Amino acid sequence: MNNRASDRSILTIRDVVKTYQMGETYVHALRGVSLDIRSNEYVAIMGPSGSGKSTLMNIIGCLDVPTSGTYSLDGQMVAEKSESELAEIRNRMIGFVFQTFNLIPRADIFHNVELPLIYGGVPRQERRRRTERAIEQVGLADRMKHRPNELSGGQRQRVAIARALVFNPSIVLADEPTGNLDSKTGDEIMRMFDELHSSGQTIILVTHEDHVAQHALRTIRLRDGQIESDVRNGDVQAA
Amino acid sequence: MKILIDIVESLKIAWSAIIANKARGVLTTLGIIIGIVAVTTTMTAFNGMQAAFRQGAAAIGADVIYVSRMPWIVMNDFFLFRNRPNLDLAEAQALERAFERRAIVNPSMHNRQDLRFQARTLEGVDIIGTTEKMPSTSDRMPAIGRFIMEFDVRYKKNIVIIGSEIAADLFGEIDPLNKEINIGRYRYRVAGVMEVQGGQTFGGPNFDRQVFIPISTFVKNFGGRRNSDVDIAVKAPTIAGIEDLEYEVIGEMRKIRKLRPSEPDNFSINKLDSLLGAFNSVVGAVLGIGLLVTSISLFVGGIGVMNIMFVSVTERTREIGIRKAIGAKPRSILMQFLFESAAICLIGGLIGITIAAGLSVAINASGLIPASISPGIAVTSIVVAIVVGVFSGLVPAWKGAKLDPIEALRYE
């Protein structure tokens, strides 16, 4: 079950450096990171705060571009893209799941999940079909017309997962997905990620919690903007 | 297709944003409402004045040109015309001969005299000496009785056809027909009463306060060749022929007056067009100033909208971050906020037009000027409202579109 990762590298990062200028000083958030992630891998990126894991996530998620180095996602060189093109890549290839859910409060569940398809220019009929399917997939078919504030935290995160999946992204990128949930609900959400992985989805978790990272099959630890360790933990998963 | 989906989505967002902030929307819209009411009412009043003027001037006839000593509208070069010779009846008759069977030529002369019937006197009434051809060159006909006839002119009859207001003022409930009245020192018999023309129009003559007598009688009683000036109306056979006719009339008049080619015309050609032109340029200037002043209120309204849009963008920073993360392009965010401010202004515009329509009904009822809101004005106002909305939204929307998604997502 855990050997389905293909040889095809979906994400290739080479010598990525990210430097921020804060006033007079330069902050080196990433100091030369190289990394390959293949299709259907289940990866946890860990590290203490200040290690550069948020910066790496932003770059992987195409919310930011590296100062130097290259990043190719599904064959596309991200560093050279314009803002609009990056938006398009995020739209088509990346499904974000955030710690704080980040649903749009005024819109109902259906509309929240539908949104990526709208920005992707998918025609109405197909939008409806795909949105309904994604919501059913996370078990909230009876909540479609509800607003986010009418749902529990776990349900909201499931909506966020539905939104992340609705456009069949190349990777699901989850940033502390259980950070705002109690442990029981957090476990439910993690089981959902496990299922997604077994159905073939590539998943990248960004977390500082070991028990969350243990769900993944590979753990990358960052420290001071560099990769400290990169280990496969398939055995742990099996246990 | 893609852009269409973007637009539909932007409209939905705009609508839900407005619904979510009703009180704020109402206050913001108020500025636009006031601006649109002001602009629309100004345009409506202008339209009304123009319509009233046209109606009043219809008696002049669009297919008629008038040869006179002076132009109707003298702006500031009065001295150029001051020394022109009067037009006299002989010249009118010469012109009539020149256009025999080609056009109707009708001379008329003006004077002011007191009118008296029994104990009632009207002072300084516009007396017009003319011929039986006048109804052909203008649209004016008698409502009761008859107009001047050829034999009245030939035999210098002392008959008079009076305007509708004169009839009401002088006779009240009494039937004026065949009553004797005094014009100056002379006695006239009332032969007819003219149709109502529509009363006074801005500075122009009040056609309902004129009385008509045969031109021959006019010359005998009031004229004297020397101090009386003849106006000659020439009616084109078709309205399309009026320009050719104008050149021919100028040519014939120059021949009659034996002007050398180097000499300028010493008479003027007047027509409805030139009157309308002068009217439009005067009222147009007033309209321009009015619109300028009212635009200021619209401008202030626009600033209000801009302000609220800045608030709206800041409030929704996080939402912008979310939208960007899941694939909204800067263009989509820009459109979202532009649609919102345009929608606010559109709603304001529609309310404003409704109020302005009510106002114009009230103005109409007051009888001051016949104001009526036209589809053209309504469409213009709506377009203006939308343009104001787009311009007010531009800078805030741009600010939103340019937000860094990472920063925006972090915003609390």
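Per chain, numbering begins at 1; letters A, B, ... match sequence-line order. The structure displayed is predicted, hence computed values, not measured ones.
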Please classify the contact between A:Leu103 and chain B as side chain, backbone, both or neither, with a heavy-atom cut-off of under 4.5 Å.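 Only the backbone of A:Leu103 comes within 4.5 Å of chain B.
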Based on non-hydrogen pairs under 4.5 Å, which of B:Ala325, B:Pro330, B:Pro405 is most in contact with chain A?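 Looking at each of B:Ala325, B:Pro330, B:Pro405 in turn, B:Ala325 comes out on top.
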Using a cut-off of under 4.5 Å on heavy-atom pairs, state which of B:Ile326, B:Ile13, B:Ile19 scores highest against chain A.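 Most pairs with chain A among the choices: B:Ile326.
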Is any residue of residues 60-72 of chain A within less than 4.5 Å of chain B by heavy atoms, and which ones?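 If one takes a 4.5 Å heavy-atom cut-off, the residues of residues 60-72 of chain A near chain B are A:Leu63, A:Asp64.
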Please evaluate residues A:Glu114 and B:Glu9 with respect to the criterion side chain to side chain contact (heavy atoms under 4.5 Å, CB included), reporting the C-alpha separation (whole Å), side-chain torsions for both, the decisive distance (0.1 Å), and the verdict. CA-CA 11 Å; A:Glu114 186 191 23; B:Glu9 173 65 8; 5.9 Å; no
Test side chain to side chain contact (heavy atoms under 4.5 Å, CB included) on A:Arg163 and B:Ile322; report intermediate values, then the result. CA-CA 11 Å; A:Arg163 181 179 67 187; B:Ile322 298 169; 3.5 Å; yes
Specify the closest pair of heavy atoms between [X] and [Y], including all atoms of both residues, with the distance to one decimal.
| X | Y | result |
| --- | --- | --- |
| B:Lys12 | A:Arg124 | NZ-NH1, 4.3 Å |
| B:Gly327 | A:Tyr119 | O-CB, 3.7 Å |
| A:Arg106 | B:Ala20 | CD-CB, 3.7 Å |
| B:Ala328 | A:Ala87 | O-CB, 3.6 Å |
| A:Glu83 | B:Ala401 | OE2-O, 4.1 Å |

Are there over 12 heavy-atom neighbours, none belonging to [X], within less than 6.0 Å of that residue's [atom1]?
| X | atom1 | result |
| --- | --- | --- |
| A:Tyr26 | OH | no |
| A:Glu126 | CD | yes |
| B:Phe391 | CZ | no |

Which residue out of A:Gly95, A:Ala164, A:Pro169, A:Pro116 racks up the most heavy-atom pairs below 4.5 Å with chain B?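 That would be A:Pro116.
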Contact between B:Lys329 and A:Asn91 at the side-chain level, heavy atoms closer than 4.5 Å - yes or no?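 The answer is no; the side chains never approach within 4.5 Å.
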Any side-chain heavy atom of B:Arg318 sitting closer than 4.5 Å to one from A:Thr100?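 Side-chain contact under 4.5 Å: yes.
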If you look only at pairs with a residue in residues 85-115 of chain A, which of them pass as a ring pair (Phe, Tyr, Trp, His ring centres under 6.0 Å), with sequence neighbours excluded?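 Qualifying pairs: A:Phe96-A:Phe98.
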